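These numbers were taken from a predicted model, which means no experiment stands behind them. Here is the naming used below: chain letters follow the sequence lines, and residue numbers restart at 1 for every chain.
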Number of protein chains: 2
Amino acid sequence: MRVDDRVNQLVRRPTISDVASAAGVSKTAVSFAFNQPGRLAPNTASRIRSVADTLGYRPHPVARMLTQGRTRSIGILTPQALAIVFENPYFGTFNAGVAVAAEAAGYALHFISPLQGSLARAVGRATVDGVVAVGLSADHPEVEQIRRAGLPMVLVDSSALPDQPSIEVDDEGGARLAAEHLVGLGHRAFVVLSIAPSERVSGEDPDGVPARRLRGYRAALAAAGIALPDEAIVTSEATIPGGAASFAEAWDAGQRPTAVLAMSDATAVGAMRAARERGLSVPGDISVVGFDDVDLARFADPALTTIHQPIARKGEQAVRLLIAILGGDAAEPIHETLATRLVARASTGPAPIDRRRAD
Amino acid sequence: MRVDDRVNQLVRRPTISDVASAAGVSKTAVSFAFNQPGRLAPNTASRIRSVADTLGYRPHPVARMLTQGRTRSIGILTPQALAIVFENPYFGTFNAGVAVAAEAAGYALHFISPLQGSLARAVGRATVDGVVAVGLSADHPEVEQIRRAGLPMVLVDSSALPDQPSIEVDDEGGARLAAEHLVGLGHRAFVVLSIAPSERVSGEDPDGVPARRLRGYRAALAAAGIALPDEAIVTSEATIPGGAASFAEAWDAGQRPTAVLAMSDATAVGAMRAARERGLSVPGDISVVGFDDVDLARFADPALTTIHQPIARKGEQAVRLLIAILGGDAAEPIHETLATRLVARASTGPAPIDRRRAD
DNA sequence: CCGGTTTAGCAAACCGGTTTAGGCGACGCT
DNA sequence: AGCGTCGCCTAAACCGGTTTGCTAAACCGG
């Protein structure tokens, strides 16, 4: 008997009923003491509080969620494994923006990623009031699942759906700026380093981020009368080694660009490294433009010319929009597109004169 | 009437009772259909399932948590704001390790950080089965709060408590290696760049990570008969600008070290930058050793000699230990200390001969 | 001393599931 | 025919809170 008591005392956390009976009041009174102290006589309230305190009582958050019908936390949904997300500086900055907005509004953060291979299962388990989905293409069935579950969702870096709120960045315009910058420096021979997540097969999503950036490159080049043959487009995952491999592949296949358009800063840095290994100087022989403007771009050597996008602000805005929707504001689906801009640093310069002949 | 119905249909998600009555069975049957289909006749089970499907029914995760008494998610607790955590590459790698172990065990991830300034409140709200606390010193009252709440917890990078499971790294040993490396290269004049989180005042925690590293430095220097005066220890936050400022402070105060012992890679890189700005060459005039071995160290120019610690593995181990505890294994509090090692790269070299005289 | 208004606190319903303890009819066996 | 067993399903209790009436006592003015 006594042993059981002790075990229970150690193992079971006190419930509201325990506090109620210990204080000689009803559960209601205890609840009031915490949530609407005004409805109790002042000394009753404080007595209940002190009893609760000595018992070590904390209202059970799950029970609370159930009755209140909300969790006060929001989910970040990514199709990649979380390990990849956390290691990636781009997501680091994005998540920082998310965190700022969430903390300001008093929401906790919950990460939803494929659980045992199934995003669907993970979504089903998630106790969140709403979701910010990152990098989800329209063909992901989860989008439909979440909508049917009635979970408010804001899409980011995804193929936009007309009736789904989203925060985007002007990828196409940014890409155009990058290409125009190089064209303006006299470059005529290009290689494009495209990116694709390693896990997904459908790199063909016509509305995905890579497709939009490619359209921008193409538009600027076409305007200058420059052709971009298929073999000048090489795809890898968005990492430094990936970029190095892509550049190597193009170069070793005999292509002789004077400029590289990279869809991410990481691939750009990888390309610079591979170029240097082949005895080329950046920007003397080859100019490189990245995309995103993560920290890496500033610290690279030479500092990387790149397209800046407001990564953290994108996260912030997405959360703000989501919270507005949760609050019942924002009746219409809202789409917002943030601007991009060129940041010229040291990795781009004039096209070498007679580069081809000197070869 | 009809309007109300429609509104409900849109707004209210179907509950288990809705499914039950639609399928003409009891709630129990519906529950069984999802959780223990074997207890139902095969065609009953599939009929219920299809009814549930057309209704768009998903078991409510919060209700489930309440009855099952567990959330299947674990919390990462940090005293810093999440924005800082996510931007920091160290945490990025750590979290990646955490994510690997959590995903493997089918646990979701929940981040707990001061909510409206109060870590206590955030902990109270958190629906998690257990917590991995990072960089919490013993004087944080939250440690006690969590223990009283009966929430299993594993401490990481914290001042170890004897009865609390923890995963540590051999900070002192690593620091000793760093100092011995420099001593072995002939250095006799040192500056130590210590680190302290900007928010916390109590940089005095005698068991905190900085204190442990300082002990290691001191031990190695003392063994070589080298004094480390107080003014040779400068503190900043663990960022590149912080390190640059620290080095500048020491140098401009007239100190003329030939070697810098930095407690983080970021401060080390900052110091290298500040040194170069003063016309010093690294490692020609000044050698620099960092700590942690984050990606930055490899990519810095010159590549940074540093103390490697298994950051991601620390996260993985912490989660594994936590999950073992949740599973009822691991009766005794467990402490684990992972090894550190020196990674010699290009930022360290022999002490300059007659450096002082040439000045 | 009475009727009306506060005030303080309670019982019970509810949130949306899971789980225990049976109930009921069909079947097999003797 | 009687009885035990099994297969299939259900009623009701439960998880730990919040919230909605409602009641009984205290208070108040006339």
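Judged purely by atom type and a 3.5 angstrom limit, B:Ser166 has no side-chain atom pairing as donor or acceptor with the backbone of B:Leu155. Counting only distance, with no hydrogens or angles, the side chain of A:Ser158 and the backbone of A:Val156 share a donor-acceptor pair below 3.5 Å. The backbone N or O of B:Arg49 sits nowhere less than 3.5 Å from a side-chain atom of B:Asp53 that would complete a donor-acceptor pair. At least one donor-acceptor pair closer than 3.5 Å links the side chain of A:Asp129 to the backbone N or O of A:Arg72. Checking side-chain atoms of A:Gln164 against main-chain N and O of A:Val154 turns up no donor-acceptor pair under 3.5 Å.
Listed by residue number, A:Lys27, A:Thr28 are the residues of residues 22-30 of chain A with a heavy-atom contact under 4.0 Å to DNA chain D. Residues from residues 54-68 of chain B with heavy atoms under 4.0 angstrom of DNA chain D, sorted by number: B:Leu66, B:Thr67.
Within the 4.5 Å cutoff, no side-chain heavy atoms of B:Arg320 are placed close to those of B:Val100.
Distances shown here put every side-chain N or O of A:Ser31 at or beyond 4.0 Å from the OP1 or OP2 atom of D:dG17.
The CZ atom of A:Phe32 sits 8 Å away from the C1' atom of D:dT18 (whole-angstrom rounding). Rounded to a whole Å, the CD1 atom of A:Ile16 is 15 Å from the C1' atom of C:dA13. Taking atom CZ on A:Arg39 and atom P on C:dA11, their separation rounds to 15 Å, with Å as the unit. Between the CZ atom of B:Arg13 and the P atom of C:dC15 there is a distance of 14 Å, given to the nearest Å. Rounded to whole angstrom, the span from the CD atom of A:Gln36 across to the C1' atom of D:dG17 amounts to 13 Å. C:dG16 atom P lies 16 Å from atom CZ of A:Arg70, rounded to whole Å.
Evaluation of the ring pair (Phe, Tyr, Trp, His ring centres under 6.0 Å) rule for B:Phe91 yields no partner, not counting sequence neighbours.
Legend: salt bridge (Lys or Arg N to Asp or Glu O under 4.0 Å) pairs involving residues 16-35 of chain B, not counting sequence neighbours, sorted by first then second residue: B:Arg12-B:Asp18. Counting only residues at least two apart or in different chains, side-chain hydrogen bond (donor to acceptor under 3.5 Å, both in side chains) contacts with residues 99-125 of chain A comprise A:Glu103-B:Ser113, A:His110-B:His110, A:Ser113-B:Glu103.
In this structure, B:Thr15 reaches the sugar-phosphate backbone alone: every heavy-atom distance under 4.0 Å involves primed, P, OP1 or OP2 atoms, never a base.
With 3.5 Å as the limit, one finds no donor-acceptor pair spanning the side chains of B:Tyr90 and B:Asn95.
Between B:Ser17 and A:Asn43, the residue anchored nearer the 5' end of DNA chain C, judged by the nucleotide with its closest heavy atom, is A:Asn43. Nearer to the 5' terminus of DNA chain D, by closest-nucleotide assignment, is the contact made by B:Thr44 (compared with the other of A:Asn35 and B:Thr44).
Centroid-to-centroid, the aromatic rings of A:Phe111 and A:Phe86 come within less than 6.0 Å.
Within the helix from C:dC1-D:dG30 to C:dT30-D:dA1, the inter-axis angle between the opening and closing five-pair segments is 50°, rounded to 10°.
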